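As a basis for the values below, the full set of heavy atoms in this structure was taken, side chains included, without hydrogen atoms, waters or symmetry mates. Since this is a predicted model, take the numbers as computed values, not measurements. Just so you know, residue 1 is the first one in the sequence shown, and it goes up from there.
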Amino acid sequence: MKTSGLRVDVRGLEFSYDSAPLLQEIDLQVERGDMVALVGPNGAGKSTLLRCLARALRPRAGVVLLDGQDIGRLPVRQIARRVGVVPQVQTLDFDFTVEEVVAMGRYPHLGRFGRPGPHDLRAVREAMDATRTSGVSGRPVTALSGGEQQRVAIARALAQEPQLLLLDEPTAHLDIRYQVEVMELLARLNREKALTVIAAVHDLNLAARYFRRFVLMTGGRVLATGTAREVLQPDLIRRAYGVEVVVIDHPVLGCPVVLPAGAEGNGYGQG
(Lines give C-alpha, C1' and ligand atoms only; values in the text may rest on other atoms or scores of the structure.)
Protein backbone atom coordinates (compact mmCIF):
# COMPACT_ATOMS: atom_id res chain seq x y z
CA MET A 1 0.00 0.00 0.00
CA LYS A 2 1.83 3.09 -1.23
CA THR A 3 0.83 6.31 0.48
CA SER A 4 2.13 9.79 1.10
CA GLY A 5 0.78 12.59 3.21
CA LEU A 6 -1.30 15.58 2.20
CA ARG A 7 -0.61 19.16 3.15
CA VAL A 8 -3.64 20.85 4.68
CA ASP A 9 -4.18 24.62 4.72
CA VAL A 10 -7.17 26.16 6.49
CA ARG A 11 -7.72 29.86 5.83
CA GLY A 12 -10.32 32.01 7.55
CA LEU A 13 -12.67 29.10 8.18
CA GLU A 14 -16.02 29.89 9.77
CA PHE A 15 -18.99 27.64 10.37
CA SER A 16 -22.30 28.13 12.14
CA TYR A 17 -25.59 26.34 12.73
CA ASP A 18 -28.33 28.91 12.13
CA SER A 19 -26.96 31.95 13.95
CA ALA A 20 -24.75 30.08 16.43
CA PRO A 21 -21.07 30.29 15.40
CA LEU A 22 -19.15 27.05 15.97
CA LEU A 23 -15.92 27.92 14.17
CA GLN A 24 -14.51 31.41 13.89
CA GLU A 25 -11.52 32.63 11.87
CA ILE A 26 -9.68 29.31 11.86
CA ASP A 27 -6.23 29.50 10.28
CA LEU A 28 -4.17 26.32 10.33
CA GLN A 29 -1.34 24.71 8.39
CA VAL A 30 -0.54 21.00 8.59
CA GLU A 31 2.52 19.74 6.74
CA ARG A 32 2.65 16.47 4.80
CA GLY A 33 3.26 13.53 7.10
CA ASP A 34 2.56 15.50 10.27
CA MET A 35 0.69 14.03 13.24
CA VAL A 36 -1.56 16.64 14.85
CA ALA A 37 -3.76 16.46 17.93
CA LEU A 38 -6.79 18.75 18.17
CA VAL A 39 -7.37 19.34 21.87
CA GLY A 40 -9.72 21.51 23.88
CA PRO A 41 -12.83 21.32 26.05
CA ASN A 42 -16.15 19.88 24.96
CA GLY A 43 -17.81 22.26 22.50
CA ALA A 44 -14.50 23.80 21.42
CA GLY A 45 -15.17 22.96 17.76
CA LYS A 46 -12.80 20.03 17.26
CA SER A 47 -15.33 17.66 15.70
CA THR A 48 -16.82 20.43 13.59
CA LEU A 49 -13.38 21.29 12.24
CA LEU A 50 -12.72 17.65 11.36
CA ARG A 51 -16.02 17.45 9.49
CA CYS A 52 -15.13 20.59 7.54
CA LEU A 53 -11.75 19.07 6.65
CA ALA A 54 -13.59 16.01 5.29
CA ARG A 55 -16.14 18.24 3.49
CA ALA A 56 -18.95 16.63 5.45
CA LEU A 57 -19.83 20.22 6.39
CA ARG A 58 -19.57 23.28 4.16
CA PRO A 59 -18.15 26.35 5.92
CA ARG A 60 -19.92 29.70 5.87
CA ALA A 61 -16.63 31.40 5.01
CA GLY A 62 -13.02 30.49 4.37
CA VAL A 63 -11.39 27.64 2.53
CA VAL A 64 -9.77 24.24 3.12
CA LEU A 65 -6.91 23.39 0.75
CA LEU A 66 -5.53 19.88 0.20
CA ASP A 67 -2.13 20.20 -1.44
CA GLY A 68 -3.26 23.63 -2.66
CA GLN A 69 -6.60 22.45 -4.06
CA ASP A 70 -9.85 23.88 -2.73
CA ILE A 71 -11.72 20.93 -1.19
CA GLY A 72 -14.99 22.62 -2.04
CA ARG A 73 -14.23 22.27 -5.74
CA LEU A 74 -13.06 18.65 -5.67
CA PRO A 75 -15.40 15.78 -6.64
CA VAL A 76 -16.69 13.80 -3.68
CA ARG A 77 -15.19 10.57 -5.01
CA GLN A 78 -11.75 12.17 -5.33
CA ILE A 79 -11.92 13.40 -1.73
CA ALA A 80 -12.94 9.92 -0.55
CA ARG A 81 -9.90 8.47 -2.30
CA ARG A 82 -7.54 10.86 -0.54
CA VAL A 83 -9.12 11.40 2.89
CA GLY A 84 -9.95 8.57 5.30
CA VAL A 85 -12.34 9.36 8.16
CA VAL A 86 -12.82 7.46 11.41
CA PRO A 87 -15.79 9.00 13.26
CA GLN A 88 -16.24 8.84 17.00
CA VAL A 89 -19.52 6.97 16.78
CA GLN A 90 -19.25 3.71 14.83
CA THR A 91 -22.34 2.18 13.25
CA LEU A 92 -21.31 -1.47 13.15
CA ASP A 93 -24.67 -3.02 13.99
CA PHE A 94 -24.93 -5.58 11.19
CA ASP A 95 -23.24 -8.95 11.12
CA PHE A 96 -20.80 -8.15 8.33
CA THR A 97 -17.49 -9.90 8.65
CA VAL A 98 -14.38 -7.89 9.40
CA GLU A 99 -13.16 -8.38 5.84
CA GLU A 100 -16.48 -7.16 4.42
CA VAL A 101 -16.36 -4.02 6.57
CA VAL A 102 -12.76 -3.26 5.57
CA ALA A 103 -13.65 -3.84 1.90
CA MET A 104 -16.21 -1.05 2.16
CA GLY A 105 -13.26 1.32 2.11
CA ARG A 106 -12.68 0.41 -1.55
CA TYR A 107 -16.03 1.82 -2.73
CA PRO A 108 -14.54 5.18 -3.88
CA HIS A 109 -12.15 3.27 -6.17
CA LEU A 110 -14.57 0.81 -7.75
CA GLY A 111 -15.89 1.22 -11.28
CA ARG A 112 -19.47 1.39 -12.47
CA PHE A 113 -20.23 -2.24 -11.69
CA GLY A 114 -18.46 -2.17 -8.33
CA ARG A 115 -16.50 -5.39 -8.75
CA PRO A 116 -13.21 -5.44 -6.84
CA GLY A 117 -10.10 -6.26 -8.81
CA PRO A 118 -6.72 -7.62 -7.71
CA HIS A 119 -5.53 -4.21 -6.52
CA ASP A 120 -8.67 -3.73 -4.41
CA LEU A 121 -8.26 -7.13 -2.77
CA ARG A 122 -4.60 -6.41 -2.09
CA ALA A 123 -5.46 -3.03 -0.52
CA VAL A 124 -7.97 -4.70 1.80
CA ARG A 125 -5.47 -7.38 2.79
CA GLU A 126 -2.73 -4.83 3.45
CA ALA A 127 -5.09 -2.65 5.51
CA MET A 128 -5.95 -5.63 7.71
CA ASP A 129 -2.29 -6.58 8.00
CA ALA A 130 -1.37 -3.02 8.99
CA THR A 131 -4.04 -2.93 11.72
CA ARG A 132 -3.45 -6.56 12.77
CA THR A 133 -7.05 -7.54 12.07
CA SER A 134 -6.26 -10.31 9.56
CA GLY A 135 -6.65 -12.94 12.26
CA VAL A 136 -10.30 -12.02 12.78
CA SER A 137 -11.15 -11.34 9.13
CA GLY A 138 -13.94 -13.91 9.03
CA ARG A 139 -15.57 -12.99 12.34
CA PRO A 140 -18.72 -10.83 12.58
CA VAL A 141 -17.64 -7.34 13.47
CA THR A 142 -20.38 -7.18 16.12
CA ALA A 143 -18.63 -10.01 18.00
CA LEU A 144 -15.46 -7.96 18.51
CA SER A 145 -14.39 -5.92 21.50
CA GLY A 146 -14.45 -2.14 21.37
CA GLY A 147 -10.72 -1.93 20.74
CA GLU A 148 -10.90 -4.49 17.95
CA GLN A 149 -13.82 -2.66 16.34
CA GLN A 150 -11.80 0.55 16.43
CA ARG A 151 -8.93 -1.14 14.63
CA VAL A 152 -11.39 -2.44 12.02
CA ALA A 153 -12.71 1.09 11.53
CA ILE A 154 -9.16 2.33 10.97
CA ALA A 155 -8.53 -0.57 8.57
CA ARG A 156 -11.60 0.42 6.56
CA ALA A 157 -10.25 3.96 6.26
CA LEU A 158 -6.80 2.63 5.30
CA ALA A 159 -8.33 0.47 2.56
CA GLN A 160 -9.17 3.73 0.81
CA GLU A 161 -5.39 4.25 0.49
CA PRO A 162 -5.78 7.79 1.86
CA GLN A 163 -3.13 10.45 2.18
CA LEU A 164 -4.90 12.12 5.10
CA LEU A 165 -6.45 10.31 8.06
CA LEU A 166 -9.00 12.19 10.19
CA LEU A 167 -10.08 10.66 13.51
CA ASP A 168 -12.60 11.93 16.05
CA GLU A 169 -11.73 10.76 19.58
CA PRO A 170 -10.21 7.44 18.41
CA THR A 171 -9.71 6.18 21.98
CA ALA A 172 -13.09 7.20 23.41
CA HIS A 173 -14.70 4.53 25.64
CA LEU A 174 -11.63 2.26 25.42
CA ASP A 175 -9.68 0.92 28.38
CA ILE A 176 -6.03 1.82 28.76
CA ARG A 177 -4.76 -1.25 26.91
CA TYR A 178 -6.78 -0.49 23.79
CA GLN A 179 -6.03 3.22 24.06
CA VAL A 180 -2.33 2.46 23.85
CA GLU A 181 -2.86 -0.07 21.02
CA VAL A 182 -4.77 2.46 18.92
CA MET A 183 -2.24 5.23 19.54
CA GLU A 184 0.69 2.93 18.77
CA LEU A 185 -1.08 1.94 15.54
CA LEU A 186 -1.58 5.56 14.47
CA ALA A 187 2.04 6.41 15.26
CA ARG A 188 3.25 3.43 13.26
CA LEU A 189 1.05 4.28 10.25
CA ASN A 190 2.24 7.86 10.36
CA ARG A 191 5.87 6.75 10.56
CA GLU A 192 5.84 3.91 8.04
CA LYS A 193 3.34 5.19 5.46
CA ALA A 194 3.94 8.93 5.85
CA LEU A 195 0.21 9.48 6.38
CA THR A 196 -0.86 12.91 7.57
CA VAL A 197 -2.87 12.26 10.75
CA ILE A 198 -5.22 14.77 12.40
CA ALA A 199 -7.15 13.55 15.42
CA ALA A 200 -9.39 15.12 18.03
CA VAL A 201 -8.08 13.78 21.34
CA HIS A 202 -9.67 14.15 24.76
CA ASP A 203 -6.79 12.85 26.90
CA LEU A 204 -4.04 15.48 27.00
CA ASN A 205 -1.45 13.15 28.53
CA LEU A 206 -2.09 10.39 26.00
CA ALA A 207 -1.82 12.93 23.19
CA ALA A 208 1.44 14.30 24.60
CA ARG A 209 2.96 10.82 24.39
CA TYR A 210 2.21 10.29 20.69
CA PHE A 211 1.53 13.52 18.78
CA ARG A 212 4.22 15.84 17.48
CA ARG A 213 2.01 18.89 17.11
CA PHE A 214 -0.93 20.28 19.06
CA VAL A 215 -3.77 22.63 18.14
CA LEU A 216 -5.54 23.92 21.25
CA MET A 217 -9.09 25.13 20.58
CA THR A 218 -11.68 26.88 22.70
CA GLY A 219 -14.88 28.66 21.81
CA GLY A 220 -14.58 27.75 18.15
CA ARG A 221 -11.18 29.42 17.80
CA VAL A 222 -7.56 28.28 17.78
CA LEU A 223 -5.94 29.43 21.00
CA ALA A 224 -2.45 28.01 20.45
CA THR A 225 -0.45 25.72 18.17
CA GLY A 226 2.93 24.08 18.61
CA THR A 227 4.58 21.11 20.26
CA ALA A 228 3.11 19.45 23.33
CA ARG A 229 5.57 21.36 25.51
CA GLU A 230 4.67 24.68 23.88
CA VAL A 231 0.90 24.20 24.07
CA LEU A 232 0.44 22.30 27.34
CA GLN A 233 1.20 25.33 29.48
CA PRO A 234 -0.76 26.03 32.69
CA ASP A 235 -1.91 29.48 31.56
CA LEU A 236 -3.13 28.20 28.17
CA ILE A 237 -4.93 25.25 29.75
CA ARG A 238 -6.56 27.58 32.28
CA ARG A 239 -7.79 29.84 29.46
CA ALA A 240 -9.13 26.91 27.43
CA TYR A 241 -10.54 24.64 30.16
CA GLY A 242 -11.08 27.03 33.05
CA VAL A 243 -9.08 24.84 35.44
CA GLU A 244 -5.80 25.22 37.30
CA VAL A 245 -3.17 22.61 36.50
CA VAL A 246 0.48 21.89 37.00
CA VAL A 247 2.62 20.46 34.20
CA ILE A 248 5.54 18.18 34.99
CA ASP A 249 7.88 16.01 32.92
CA HIS A 250 7.16 12.30 32.70
CA PRO A 251 9.89 10.60 34.75
CA VAL A 252 10.62 8.03 32.02
CA LEU A 253 9.38 9.39 28.69
CA GLY A 254 10.19 13.05 29.28
CA CYS A 255 6.96 14.30 27.70
CA PRO A 256 4.70 16.79 29.53
CA VAL A 257 2.15 15.44 32.02
CA VAL A 258 -0.83 17.58 33.00
CA LEU A 259 -2.11 17.24 36.59
CA PRO A 260 -4.99 19.03 38.31
CA ALA A 261 -3.67 21.57 40.79
CA GLY A 262 -6.32 20.76 43.40
CA ALA A 263 -8.56 23.03 45.40
CA GLU A 264 -5.68 24.88 47.05
CA GLY A 265 -3.56 25.04 43.91
CA ASN A 266 -0.84 23.09 45.69
CA GLY A 267 -0.02 20.67 42.89
CA TYR A 268 -1.96 17.73 44.29
CA GLY A 269 -5.32 16.41 43.11
CA GLN A 270 -8.01 15.72 45.61
CA GLY A 271 -8.14 12.13 46.73
Side-chain angles (χ1 to χ4, degrees), residues 5-15 21-55 57 59-68 70-71 83 85-86 88 163-171 183 186-187 189-191 194-243 245-250 253-258:
L6 278 178
R7 176 184 168 90
V8 180
D9 290 279
V10 181
R11 300 176 183 174
L13 196 72
E14 298 188 4
F15 181 83
L22 298 183
L23 295 177
Q24 303 178 67
E25 301 175 1
I26 301 292
D27 291 301
L28 184 64
Q29 293 78 44
V30 178
E31 298 296 333
R32 292 184 185 91
D34 208 347
M35 190 164 174
V36 178
L38 303 180
V39 298
N42 293 336
K46 304 183 298 295
S47 297
T48 303
L49 177 56
L50 285 175
R51 296 183 70 189
C52 287
L53 296 181
R55 214 183 81 169
L57 295 175
R60 180 172 61 84
V63 65
V64 175
L65 304 175
L66 301 181
D67 275 355
D70 183 350
I71 195 173
V83 181
V85 179
V86 180
Q88 182 179 149
Q163 297 170 280
L164 169 64
L165 194 58
L166 305 175
L167 307 101
D168 193 357
E169 300 286 1
T171 60
M183 285 300 185
L186 295 179
L189 292 172
N190 171 257
R191 181 177 63 252
L195 280 177
T196 303
V197 176
I198 305 176
V201 184
H202 177 71
D203 189 322
L204 296 178
N205 294 327
L206 193 64
R209 169 67 179 87
Y210 290 98
F211 286 82
R212 290 191 296 274
R213 187 162 174 239
F214 274 57
V215 176
L216 176 60
M217 299 182 65
T218 186
R221 297 177 183 271
V222 173
L223 178 61
T225 63
T227 65
R229 192 167 300 281
E230 291 167 338
V231 172
L232 298 183
Q233 295 286 336
D235 60 326
L236 291 173
I237 294 174
R238 181 177 62 251
R239 290 169 60 189
Y241 292 87
V243 64
V245 301
V246 292
V247 181
I248 64 173
D249 288 342
H250 191 286
L253 302 174
C255 57
V257 176
V258 179

Verdict with reasoning, Met217 to Ile26, per side chain to side chain contact (heavy atoms under 4.5 Å, CB included): CA-CA 10 Å; Met217 299 182 65; Ile26 301 292; 4.1 Å; yes
Take Val8 and Leu28 through the test side chain to side chain contact (heavy atoms under 4.5 Å, CB included) and record every step on the way to the result. CA-CA 8 Å; Val8 180; Leu28 184 64; over 6 Å; no
Nearest 0.5 Å please: distance from the CG atom of Leu53 over to the CG atom of Leu166. 5.5 Å
Taking only residues two or more places apart in sequence or in another chain, which ones pass ring-ring contact (aromatic ring centres under 6.0 Å, His included) with Phe15? Tyr17
Does anything in residues 213-223 form a side-chain hydrogen bond (donor to acceptor under 3.5 Å, both in side chains)? List the pairs, not counting sequence neighbours. Gln24-Arg221, Glu25-Arg221
List the steps and the verdict of side chain to side chain contact (heavy atoms under 4.5 Å, CB included) for Met183 and Val201. CA-CA 11 Å; Met183 285 300 185; Val201 184; 4.1 Å; yes
Less than 4.0 angstrom from a charged side-chain N to a carboxylate O is my criterion; do Arg229 and Asp249 meet it? yes
Checking Asp67 now: which residues fulfil side chain to side chain donor-acceptor pair (under 3.5 Å) with it, not counting sequence neighbours? Arg32
Arg191: what forms a side chain to side chain donor-acceptor pair (under 3.5 Å) with it, not counting sequence neighbours? none
Scanning both residues in full, the closest heavy-atom pair of Gly45 with Leu23 reads O-CD2, 3.5 Å
To check you understand the geometry: which heavy-atom pair defines the closest contact between Asn205 and Pro256, and what is its length? OD1-O, 4.2 Å
Could you state the interatomic distance from CG (Leu216) to OH (Tyr241), rounded to the nearest 0.5 Å? 6.0 Å
Min side-chain heavy-atom separation Leu165-Thr196 under 4.5 Å: no
Sequence-distant partners of Arg7, side chain to side chain donor-acceptor pair (under 3.5 Å), two or more places apart: Asp9, Glu31
Output all residues satisfying side chain to side chain donor-acceptor pair (under 3.5 Å) with Arg212, sequence neighbours left out; order by chain, then residue number. Asn190
Counting C-beta onward and ignoring hydrogens, is there a side-chain heavy-atom pair between Val64 and Arg55 closer than 4.5 Å? no
Which atom names give the shortest non-hydrogen contact between Val231 and Gly226, and what distance separates them? CG2-N, 3.4 Å
What heavy-atom pair brings Ala208 and Leu232 nearest, and what distance separates the two atoms? CB-CD1, 3.9 Å
With rounding to the nearest 0.5 Å, note down the distance linking CZ in Phe214 to OG1 in Thr225. 12.0 Å
Close side-chain approach of Val222 and Asp27, heavy atoms under 4.5 Å: no
Distance (rounded to the nearest 0.5 Å) between Asn42 CG and His202 NE2: 6.5 Å
Which distance, rounded to the nearest 0.5 Å, do you find between the CG of Leu38 and the NZ of Lys46? 8.0 Å
Where is the tightest heavy-atom contact between Cys52 and Leu13, given as atom of each residue plus distance? CB-CD2, 3.9 Å
First locate atom OH of Tyr210, then atom SG of Cys255, and finally report the distance between them rounded to the nearest 0.5 Å. 9.5 Å
Side chain to side chain contact (heavy atoms under 4.5 Å, CB included) between Leu65 and Arg11, intermediate numbers included: CA-CA 8 Å; Leu65 304 175; Arg11 300 176 183 174; 3.5 Å; yes
